[in-house]
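Okay, so here's the structure we're looking at.
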Amino acid sequence: MSSETSTVTSEPPPTTADTELTLRLPGESQKSEAKSTKRRFSDLTDLKLGGNDESDTECSVVTRSTPAKERVVGWPPVRSHRKNMMKKDCKYVKVAVDGAPYLRKVDLELYSGYQQLLCGFEHLFSCFTIRNVLNERKLMDPVNGMEYVPTYEDKEGDWMLVGDVPWMMFVESCKRIRLMKNSEAVNGSELLEKC
Amino acid sequence: MFPEEVLEHVFSFLNSHTDRNTASLVCKSWYEMERWCRKRVFIGNCYAVNPRVVIRRFPEVKSVELKGKPHFADFNLVPEGWGGYVYPWIVEIARAYPWLEEIRLKRMVVTDECLEIVAKSFRNFRVLVLESCEGFSTDGLAAVAANCRNLRVLDLRECEVEELSGHWLSHFPDSFTSLESLNMACLGSEVSFSALERLVARSPNLKTLRLNRTVPIEKLSTLLQRAPQLVDFGTGAYSAEIRQDVYSRLADAFSRSKNLKSLSGFWDVTPAYLPAIYSVCSQLTSLNLSYAATRSPDLTKIVSQCYNLQRLVVLDYIEDTGLNTVSMSCKDLRELVVFPSDPFVGEVDVLLTEQGLVSVSQGCSKLQSVLYFCHQMSNSALISISKNRPNLTCFRLCIIEPRVPDYVTHEPLDVGFGSIVENCKQLTRLSMSGLLTDRVFEYIGTHAKNLDMLSIAFAGDSDLGLHHVLSGCDSLRKLEIRDCPFGDKALLANASKLEKMRSLWMSSCLVSFGACKLLGQKMPGLNVEVIDERENVNSLPEYVPVEKVYIYRTVSGQRFDTPDFVRIMGKDKDDLFSDKGLKVAVLFCSNFGTFRPCCCTRSRSL
């Protein structure tokens with residue numbers, strides 16, 4: 001009897017990592033008020049993404065299942081269509097990539113943090129790799145050497161950098177995502193136009 | 001001998017495929033007469049026959065219905081790439097039936113190219129129903145919308161669609177007014193609401209409208225007002241912050257929908273909005289609340305007003321108390337479906353037991369069809385149900401934990417299910433679960449003479465169980481088995497029975513490679529497909545059990561669109577994979593022995 005490969009369900013166990021602020025300039029202490037550290041895309045000077053305390057260097061599909069039973073493939077006989085539709089707070093957002101002809105959609109509820117989201121982008125847009133430069137994680141297309149900066153439009157209609165706020169807050173406020181070309185070098189770069 | 005016109009007139013009253021098939025066997029002239037006037041063709045297994053053969057026999061067809069993958073594909077037991085490609089069929093029927101009106105497909109792989117061919121080939125195309133299909137994107141839908149001028153039905157039931165954009169809906173031209181039924185519930189992408197509203201407004205015959213999740217609750221009243229003739233309505237996400245104006249408009253719109261008989265949708269339900277449907281409850285014959293994650297009191301309040309309900313689909317949140325209300329209020333109920341709210345949870349915090357089903361079986365005298373997920377069952381409950389409702393035709397019980405015995409006596413549930421097959425003499429479909437020994441199969445073989453489809457999981461002790469079923473169930477056409485200790489003996493002893501059935505599926509059982517090969521060699525009328533994804537499968541000895549085997553009768557010989565992990569056993573001389581180079585799908589015209597390359601399937605890397 002083959003066992004089910006890891007699946008993703010909709011209920012993340014709450015972890016402290018979810019609520020941690022992970023972005024700050026070197027030397028700054030962690031701020032408790034999330035709003036004040038949230039940056040508009042136009043304020044970009046430095047970019048750090050992900051970086052949960054938990055070691056998450058691997059890109060694996062996260063299984064966030066309830067503990068207890070080992071699952072058997074196809075049992076109980078509930079269609080995966082139904083299982084997917086039953087996901088509460090299904091949070092689909094469109095992901096646009098500068099230069100790509102069509103949009104994709106991701107369900108933010110499937111991911112438990114920024115690192116997993118980047119991994120998801122890696123899978124979705126197979127041209128990308130997550131590039132680790134020092135402590136930063138960015139998306140890079142090795143073919144043309146372009147770097148892509150993940151940004152999102154929040155509920156107020158502002159375009160913000162992905163990664164500034166705690167993950168759950170991001171999931172709640174994100175309306176859509178855009179991976180913007182960052183053709184300049186990372187540090188001290190010229191600001192890109194707001195989309 | 002009747003003149004042709006009389007025969008044709010008589011045949012026009014024969015609508016069921018079985019009746020038509022029977023009539024065609026009476027004599028040669030009836031066969032000839034019947035084949036010229038058959039308008040609807042149903043092919044239960046797309047690999048059982050070649051499209052050319054069908055076309056040659058039935059030249060005047062207006063409606064084609066095809067099924068592809070076996071039923072257990074619904075539960076991820078059929079690996080991706082197994083088959084079920086509709087493309088070869090589409091190409092042939094596009095050429096042969098320019099006046100085709102209807103296509104219905106279930107569990108098939110449908111590409112955008114297929115949809116484009118459909119869109120452009122049939123001038124009078126009217127009905128497209130895709131159930132549990134996959135392989136196409138919203139681009140394919142756009143092609144259908146743009147080109148099918150006379151389309152009446154676009155019904156996407158639980159399909160997996162690649163969502164490139166929601167613009168497909170906007171491709172229906174302004175001159176398009178013939179829409180009668182639109183079911184887009186399975187799509188995730190947002191369509192332009194104004195395009196949707198305009199489409200609804202210019203479709204005076206629209207009877208069925210099932211929206212997808214992205215249509216917000218605030219917009220529902222607009223659509224309902226545009227289509228007061230609606231009979232079947234599926235909402236989008238049924239949630240929002242409570243606003244009195246939104247609620248009032250919605251409740252008002254529902255109250256004006258005098259023709260509404262069926263409701264569904266209700267994703268992400270905000271319970272406070274549920275009373276908006278109260279005014280239509282007494283009209284409803286069908287209600288699907290199986291995505292409404294709300295607790296028993298809300299659900300009970302609704303069903304208590306559904307006096308005319310015939311079909312109820314709901315989550316186990318309804319609990320025994322809610323089902324008790326159903327048994328008292330819904331006296332016309334024919335079909336009950338209760339899905340699990342959380343199939344994988346260890347502890348049960350939902351008070352749905354076997355008692356709910358027993359109540360409904362007591363109170364609802366017309367109940368014929370049951371699909372019920374629960375955590376516990378007893379023989380006495382099953383016996384009660386069978387005695388209350390001898391008119392059951394479909395009984396599917398899923399006790400969520402495998403091999404669970406009678407929770408009262410700790411015995412197997414053999415006697416309970418035995419009582420079901422003994423008392424319910426018209427039973428055509430049965431799915432079982434819980435702890436079951438060979439004894440239950442003896443009961444089934446003895447009593448279930450009208451049984452057409454049987455699903456078995458984690459049951460039985462030995463080959464004797466399978467033998468009872470194959471030798472005793474005279475009407476059996478579809479048998480699907482998983483995780484049972486059934487092996488070669490019963491299968492080989494009942495080989496001839498398999499030719500009288502549509503198909504047999506066995507996975508995680510004890511059927512060996514050798515037996516599959518023997519069966520394939522001895523039975524030219526069967527395809528014995530071994531589905532096995534193990535890397536070392538070529539080097540396994542013949543006595544080793546296969547992972548999965550799918551056996552079906554066919555007049556078209558073996559298929560040529562199989563992936564690596566599927567082997568059609570016993571047909572080749574050496575019975576190894578023929579695995580080098582390009583695979584080309586070939587269609588045989590069996591009487592004439594001609595063949596022609598049809599479509600290229602994936603090229604195989606070495």
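Since the structure is predicted, the reported quantities are computational estimates derived from the model, not experimental observations.
More than 12 heavy atoms of other residues, nucleotides or ligands sit less than 6.0 Å from atom CD of B/Glu158. Within 6.0 Å of NE2 on A/His81 lie more than 12 heavy atoms contributed by other residues, nucleotides or ligands.
Taking B/Ser431, B/Ala237, B/Ser507, B/Cys398 one by one and counting their heavy-atom pairs under 4.5 Å with chain A, the maximum is reached by B/Cys398. Of all the listed residues (B/Gly188, B/Pro340, B/Pro402, B/Ser433), the one sharing the greatest number of non-hydrogen pairs under 4.5 Å with chain A is B/Pro402.
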* To do: Before giving the answer on side-chain contact (heavy atoms from CB on, under 4.5 Å), spell out for A/Val72 and B/Arg482 the whole-Å C-alpha distance, their side-chain angles and the decisive distance to 0.1 Å.
  => CA-CA 11 Å; A/Val72 172; B/Arg482 62 163 296 173; 3.1 Å; yes
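Looking at B/Ile399, the atoms closer than 4.5 Å to chain A (heavy atoms on both sides) all sit in the backbone: N, CA, C or O. For chain A, the nearby part of B/Glu162 is the side chain; its heavy atoms alone come within less than 4.5 Å. Interface remark: B/Cys159 contributes backbone atoms only to the contact with chain A (heavy atom separation under 4.5 Å). Within the 4.5 angstrom heavy-atom criterion, no atom of B/Ala73 approaches chain A.
Under a cutoff of 6.0 Å and an axis angle of 45°, A/Arg79 and B/Phe339 do not form a cation-pi pair.
Interatomic distance, A/Arg82 CZ to B/Ser290 OG, rounded to the nearest 0.5 Å: 3.5 Å. Rounded to the nearest 0.5 Å, atoms CH2 (A/Trp75) and CG (B/Leu77) are 10.5 Å apart.
In this view, B/Phe395 satisfies the ring-ring contact (aromatic ring centres under 6.0 Å, His included) rule with no residue, not counting sequence neighbours. Looking at residues two or more places apart in sequence or on another chain, you find a side chain to side chain donor-acceptor pair (under 3.5 Å) between B/Ser189 and B/Glu163.
Side chains of B/Asn76 and A/Ser80 form a contact here, defined as non-hydrogen atoms less than 4.5 Å apart. B/Phe75 is not listed as a side-chain neighbour of A/Val73, based on a closest heavy-atom distance of 4.5 Å or more.
Of all heavy-atom pairs spanning B/Phe373 and A/Pro76, the tightest one is CE2-CB, 4.1 Å.
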